[in-house]
Amino acid sequence: MLSEILLVLVIAGVVWVWMHALAVKDLANAAAKRHCQQMGVQFLDGTVALGGAKPTWSGGNGLRLAQRFTFEFTVTGEKRYHGEVQFIGKRQIHLFLEPHVIDDSDTSIH
């Protein structure tokens, strides 16, 4: 009886983590798309990919899941650049775009 209860709790925990991860991936996808649009670059492949996840302590909020998502973007359509967005729980903590050339005639970076 006790082992069955533990099994149900473990399965419920795994399902909760999976559902939470999917919800955060949706948030990360929206954040990456929005940021690319604001920066005038094209978000590629239509989605982010999970780059890593680990449990972490988040101040007074206790144990949270820290997740890192990666994505690619382009300026001209010829070269792909990398981006990253990080979340702790459902709170975005970092969004990064790799330095990139704006166009061939301009050597400045964004």
Side-chain angles (χ1 to χ4, degrees):
M1 176 75 162
L2 183 60
S3 62
E4 292 169 347
I5 293 172
L6 286 174
L7 180 61
V8 168
L9 289 175
V10 167
I11 291 171
V14 168
V15 169
W16 179 85
V17 168
W18 180 66
M19 300 271 298
H20 175 78
L22 286 177
V24 175
K25 183 177 180 181
D26 287 343
L27 293 173
N29 203 45
K33 281 182 182 179
R34 184 174 49 253
H35 191 72
C36 284
Q37 184 179 23
Q38 290 170 350
M39 297 301 292
V41 299
Q42 182 183 358
F43 181 68
L44 295 175
D45 303 326
T47 191
V48 296
L50 182 62
K54 65 181 181 180
T56 187
W57 289 102
S58 178
N61 296 328
L63 190 62
R64 296 279 187 234
L65 186 61
Q67 297 177 83
R68 181 175 54 87
F69 297 91
T70 60
F71 60 93
E72 293 185 329
F73 66 95
T74 187
V75 178
T76 63
E78 294 180 18
K79 181 169 168 66
R80 287 177 171 251
Y81 296 95
H82 299 279
E84 180 177 294
V85 60
Q86 297 175 1
F87 280 79
I88 292 181
K90 290 186 177 181
R91 184 174 57 91
Q92 180 183 327
I93 60 166
H94 182 70
L95 196 146
F96 167 80
L97 294 182
E98 178 180 30
H100 53 281
V101 176
I102 296 183
D103 65 35
D104 292 339
S105 63
D106 185 3
T107 59
S108 64
I109 58 173
H110 242 230

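Source: prediction; values computed, not measured.
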Novice: Can you tell me how far the CG atom of Leu6 sits from the CG atom of Leu2, to the nearest 0.5 Å?
Specialist: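 These two atoms lie 4.5 Å from each other.
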
Novice: Run the side-chain contact (heavy atoms from CB on, under 4.5 Å) test against Leu22 and tell me which residues pass, sequence neighbours left out.
Specialist: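 By the side-chain contact (heavy atoms from CB on, under 4.5 Å) rule, Leu22 matches Trp18.
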
Novice: Do the side chains of Met39 and Val75 join up, straight or via other hydrophobic residues, at under 4.5 Å, putting them in one cluster?
Specialist: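 Yes; Val75 is reachable from Met39 via cluster members.
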
Novice: Taking all non-hydrogen atoms of both residues, which atom of Gln67 and which atom of Ala53 are closest, and how far apart?
Specialist: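 Taking Gln67 first and Ala53 second, the nearest heavy atoms are CG-CB, 4.0 Å.
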
Novice: Please enumerate all residues that pass side-chain contact (heavy atoms from CB on, under 4.5 Å) together with Gln37, with sequence neighbours excluded.
Specialist: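 Gln37 satisfies side-chain contact (heavy atoms from CB on, under 4.5 Å) with no residue once adjacent residues are dropped.
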
Novice: Same hydrophobic cluster for Phe69 and Ile88, using side-chain heavy-atom links shorter than 4.5 Å among ILVMFWY?
Specialist: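 Cluster IDs for Phe69 and Ile88 differ.
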
Novice: Does Phe71 have any ring pair (Phe, Tyr, Trp, His ring centres under 6.0 Å) partners at least two apart in sequence or in another chain, and if so, which?
Specialist: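 Partners of Phe71 by the ring pair (Phe, Tyr, Trp, His ring centres under 6.0 Å) criterion, ordered by chain and then number, come out as Phe43.
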
Novice: Could you work out the complete set of other residues in the hydrophobic cluster of Leu63, with links drawn between I, L, V, M, F, W and Y side chains under 4.5 Å apart?
Specialist: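 Members alongside Leu63: Trp57.
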
Novice: Same cluster or not: are Val101 and Val41 linked, directly or through other Ile, Leu, Val, Met, Phe, Trp or Tyr residues, by side-chain heavy atoms under 4.5 angstrom apart?
Specialist: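 Yes, Val101 connects to Val41 through the hydrophobic network.
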
Novice: Considering the options Leu65, Leu27, Leu95, which one meets the side-chain contact (heavy atoms from CB on, under 4.5 Å) requirement together with Phe87?
Specialist: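 Result: among Leu65, Leu27, Leu95, Leu27 is the only option passing the side-chain contact (heavy atoms from CB on, under 4.5 Å) with Phe87.
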
Novice: Can you list every pair that meets salt bridge (Lys or Arg N to Asp or Glu O under 4.0 Å) and has a residue in residues 2-30, with sequence neighbours left out?
Specialist: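 Qualifying pairs, neighbours excluded: none.
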
Novice: Can you tell me which residue pairs pass the salt bridge (Lys or Arg N to Asp or Glu O under 4.0 Å) test with a partner in residues 45-72, sequence neighbours excluded?
Specialist: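 Only Asp45-Arg80, Arg68-Glu84, Glu72-Arg80 qualify under salt bridge (Lys or Arg N to Asp or Glu O under 4.0 Å).
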
Novice: Could you walk me through whether Phe73 and His82 pass the ring pair (Phe, Tyr, Trp, His ring centres under 6.0 Å) check?
Specialist: CA-CA 6 Å; Phe73 66 95; His82 299 279; 8.5 Å; no

Novice: Would you compute the distance between atom CG of Leu44 and atom OG1 of Thr74 and round it to the nearest 0.5 angstrom?
Specialist: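 If I round to the nearest 0.5 Å, the distance is 5.5 Å.
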
Novice: Any cation-pi pair here, Lys79 with Tyr81, using under 6.0 Å and within 45°?
Specialist: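 Yes, Lys79 sits over the ring of Tyr81.
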
Novice: Report yes or no: do Leu50 and Val48 belong to one cluster of Ile/Leu/Val/Met/Phe/Trp/Tyr joined by side chain heavy-atom distances under 4.5 Å?
Specialist: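 Yes; tracing contacts between hydrophobic side chains, which count when under 4.5 Å, links both residues.
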
Novice: For the residue pair Ala28 and Val85, what are the closest heavy atoms and their distance?
Specialist: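 The pair with the smallest heavy-atom distance is CB-CG1, 3.7 Å.
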
